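Values in this document were obtained by computation on a predicted structure and should not be read as measured data.
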Amino acid sequence: MDWSVSAPGHRSGRSPASNRTLRYGVIALAVAAMLCAYIVVVVTRANAAETLLSQGKPTTASSAESAATPATSATDGDAGTRWSSAFSVPQWLQVDLGSAQQITRVALNWEAAYATAFTIQTSNDATNWTSIYSTTTGAGGNVSLTVSGTGRYVRLNATAKSTQYGISLWEFQVYGGSPTTPGSCGTANAAQAKTATASSTENAGTPASSAVDGNNGTRWSSAASDPQWLQVDLGSVQQICGVTLIWETAYATAFQIQTSNDGTNWTQVYSTTSGTGGTQNLSVTGSGRYVRMYGTARATQYGYSLWEFQVRVNGAPSTTNDVPTSPSTTPTNSGNAVLLSYNKPAVASTSQNDANCNPCTPDKAFDNDPASRWATSPTNGWVDPGWIYVDLGAQAHITQVILQWDPAYAVAYQIQTSNDTTNWTNIYSTTTGKGFKETLNVDGNGRYVRMYGTQRSNGYGYSLWEFKVYGTGGNPVQPPAQPADPIFPATNLVWSDEFNSGTNVDTSKWTIDPGTGQNGEIQYYSNLANTSIQNGSLVIEARKETAGGRDYTSGRINTSNKFSTEYGRVEARIKVPKGNGLWPAFWMMGTDFLQGRPWPYNGEIDIMEILGKSTTDVYSTLHAPAYNGGGGYGQKLTTVDLSLDYHVYSVEWDSKHMTFRVDNQVILVADKNTVETTRGPWVYDHQFYIILNLAVGGDFPGPIDASTPFPARMYVDYVRVYK
């Protein structure tokens, strides 16, 4: 292959602003993580009487039968993975809960190689142990042991086994706490990482989601007007007992806390006209799926701004509903309405067609492609008014218009209809346009529909990613059908590589991707020299050696032209290396990159990025034209040291959302509607291919140093895709 042009799998996007213009032929695929919005979410099993304390916590053992059965597999929440020991006794498995806890129950899910004699022990220092349960007649199977004790560490110590093998556990679960007293208010934040929406946002850097991300350094802020609101969807109806508001300087003097079961009809559970800002811990009584702060008077000339919006409920908050429910983006006022504007002729006041926007012609607003757009000309179109209209082919009844704006949006504009493109009738008008995605329910008739902008948001012109018209009549063209959404948990395995055969990568499944990296990376990716199959795992090895004009080598592979998918559960079980400057990644790229669409217009899904300098942090990030590089839409999760063992990294992806996890911990829930209304177009409803690589150095992980180990190895036990 001629590497004078970019190969599928090269990355870029973390370069300085002056280098952000990306051209096909030199473009590299980007792996970047959002640095400004971090979250820590530990998913635990909801239980009215107790809390699961052990899941995802650091776990060690006296031994492991193989790399495929590590200690951590017993506390990963996955009943299909297991820990197994060497073939001798005694053997032990212990979990570090992080702090001293009251232990009330231990659940053991034994594999066939179970212990007949064992004790359950607790300790505060992992040295001095106290027995809280003991048996010499263990019978295997699923065992639930009611115990009483305290400790930071909990250990199973086996002294006799049932078979000639070692001992093996699918799951080792430690529970603590006590039954919740009816009516008692919990302390957990039921709003964290749930879907949040708002009446407005000040800018793209202060979305509604920032108020429920668990990070006191990110915030939601509104437009500078009254009223404004912020609401969170708890996922199910809950008994609400408390709300905490952590205000930024722009706080509310008058506001209400309201609840709702449907997001439409609201009940007031708290009200004040003398708010003082700061941190307000409010005791309330009410129930609902949705909780809203409704501000009616501001303390400053600015809008409303919350660092955090926390909700407390009676009992344990639901932790199982991480799939957000998006508001409908289809017409709400006509059961027969369809998309009328797809692939219809369009005309605009001006359009841009140059090196910076090629092409940004009027038809791009009606092509049902969220990564293409119309923009007014920079030579004569950055003026008012600016307009674009579509010919529906015949007279139609218009019931809804959806505008997905580029940052060059209209503050003041009208939606107009006409039968002759000369005489226009207003069916919608605003002077407070907010940009991003605007869904307008309207009522009008005409063959032509026009957005007529009279006031721009900034010094540029007008630009729309999408302009969709819904209604009845016209002469609609049916857009290509999308695949059905998978039902999670997805169980139909459609593609996998278990890395159980051969000595190197199976080139019928993977494309080898040699060349230099981007983003300041210092390695050269070799052609199979840095990959191998060892003991049932793919090994990608970074070495200190000269090749391709670089002083370090590593490996990178992808499934381009071999396999791609739209939607499903994509997962890999990976053990990452530790060391300054190391950068392992498991990610996906839109296949239209292979046909020449440049990054980030093709879309990028980073399932996992880990920096060797901090292997307790894992990043999941989305990249698109409106949010990419260091401004990608993503989150960081801080958890156990991920370099000590294998962990499962996954994304569950459909047409409405993506949920990213490490083992059973949620890293990020990306809701399509939230992304569109706060950041920009959702460009992920098409085919993507899979990439694995281990980079050395770069803008994101930082430089290597004398402590960085070489060779450094990234181990991949398997990659699987389910529908």
Side-chain angles (χ1 to χ4, degrees), residues 185-186 188-202 206-214 218-248 250-299 302-314 317-318 321 324-328 332 432 434 436-437 439 669 671 673-674 677-678:
C185 193
N189 179 13
Q192 188 162 308
K194 295 298 172 66
T195 302
T197 53
S199 52
S200 67
T201 56
E202 181 183 2
T206 58
S209 57
S210 289
V212 294
D213 63 1
T218 62
R219 64 186 176 96
W220 162 70
S221 61
S222 76
S225 61
D226 297 310
Q228 300 289 340
W229 51 263
L230 175 80
Q231 74 184 46
V232 61
D233 178 0
L234 303 180
S236 62
V237 174
Q238 304 278 322
Q239 294 296 315
I240 315 301
C241 55
V243 170
T244 296
L245 305 171
I246 304 178
W247 292 100
E248 197 249 358
Y251 64 90
T253 55
F255 66 92
Q256 296 88 51
I257 302 298
Q258 304 169 332
T259 63
S260 173
N261 287 333
D262 57 11
T264 302
N265 301 290
W266 295 90
T267 300
Q268 182 176 292
V269 295
Y270 176 87
S271 179
T272 184
T273 57
S274 56
T276 57
T279 298
Q280 293 181 275
N281 291 300
L282 310 175
S283 295
V284 301
T285 301
S287 66
R289 171 173 174 166
Y290 303 88
V291 183
R292 178 166 77 168
M293 186 290 298
Y294 190 83
T296 55
R298 292 164 288 139
Y302 303 106
Y304 298 87
S305 185
L306 281 165
W307 295 108
E308 281 293 290
F309 180 38
Q310 301 173 347
V311 178
R312 298 182 299 282
V313 300
N314 288 332
S318 170
N321 182 13
T325 301
S326 299
S328 173
T332 58
T432 57
K434 301 297 190 299
F436 294 115
K437 180 181 179 181
T439 301
V669 178
D671 170 42
N673 190 67
T674 300
T677 55
T678 62

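- Between Val212 and Gln192 there is no side-chain heavy-atom pair separated by less than 4.5 Å.
- Here the OH-OG1 distance, from Tyr290 to Thr264, works out to 8.0 Å after rounding to the nearest 0.5 Å.
- When all heavy atoms of Ser222 and Glu202 are compared, the pair lying nearest together is O-CB, 3.7 Å.
- In summary, the side chains of Thr195 and Asp671 do not present any donor paired with an acceptor at a separation below 3.5 Å, with no hydrogens or angles considered.
- With hydrogens and angles ignored, the 3.5 Å screen pairs a side-chain donor or acceptor of Ser260 with a backbone N or O of Asn265.
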Using the rule given for side chain to side chain contact (heavy atoms under 4.5 Å, CB included), can you reason through Lys437 versus Asn673, listing the C-alpha separation, both sets of side-chain angles and the distance that settles it, and then say yes or no?
CA-CA 9 Å; Lys437 180 181 179 181; Asn673 190 67; 3.4 Å; yes

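- A donor and an acceptor atom, one from each side chain of Thr296 and Asp226, are nowhere located under 3.5 Å apart.
- Atom CZ of Phe309 is separated from atom CD of Gln231 by 9.0 Å, given to the nearest 0.5 angstrom.
- What you find for Phe436 and Thr201 is that their closest heavy atoms are CE1-OG1, 4.1 Å.
- Closest approach of Leu234 to Gly288, counting heavy atoms only: CD1-O, 4.1 Å.
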task = Verify side chain to side chain contact (heavy atoms under 4.5 Å, CB included) between Leu230 and Leu306, making sure each step is shown before the conclusion.
result = CA-CA 9 Å; Leu230 175 80; Leu306 281 165; 3.9 Å; yes

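- Here the closest non-hydrogen pair linking Thr272 and Gly275 is OG1-N, 3.9 Å.
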**OP:** Would you please test Gln239 and Val313 for side chain to side chain contact (heavy atoms under 4.5 Å, CB included) and show each step?
**Re:** CA-CA 5 Å; Gln239 294 296 315; Val313 300; 5.6 Å; no

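- The distance from atom CG of Asp233 to atom OG1 of Thr674, rounded to the nearest 0.5 Å, is 9.5 Å.
- Within the 3.5 Å criterion, the main-chain N or O of Ala223 finds a donor-acceptor partner in the side chain of Ser200.
- A donor atom on one side chain and an acceptor atom on the other are not found under 3.5 Å apart for Glu308 and Thr244.
- At distances below 3.5 Å, at least one donor-acceptor pair connects side-chain atoms of Thr259 with backbone N or O atoms of Ser287.
- Aromatic ring orientation, Phe255 versus Tyr270: tilted (interplanar angle from 30° to 60°).
- Counting all heavy atoms, side chain and backbone alike, Tyr294 lies closest to Pro227 at OH-CG, 3.4 Å.
- Across every non-hydrogen atom of Ser225 and Tyr304, the tightest pair is O-CE1, 3.9 Å.
- Rounding to the nearest 0.5 Å gives a distance of 4.5 Å between CH2 of Trp229 and OG1 of Thr197.
- Atom-to-atom distance recorded for Gln310:CD and Leu282:CG is 11.0 Å, nearest 0.5 angstrom.
- Rounding to the nearest 0.5 Å places CD1 of Ile257 at 7.0 Å from CE of Met293.
- Under the 4.5 Å side-chain criterion, counting only non-hydrogen atoms from C-beta, Asn281 is in contact with Arg312.
- Considering only residues two or more places apart in sequence or on other chains, Ser305 meets the side-chain contact (heavy atoms from CB on, under 4.5 Å) condition with Arg219, Ser221, Glu248, Ala250.
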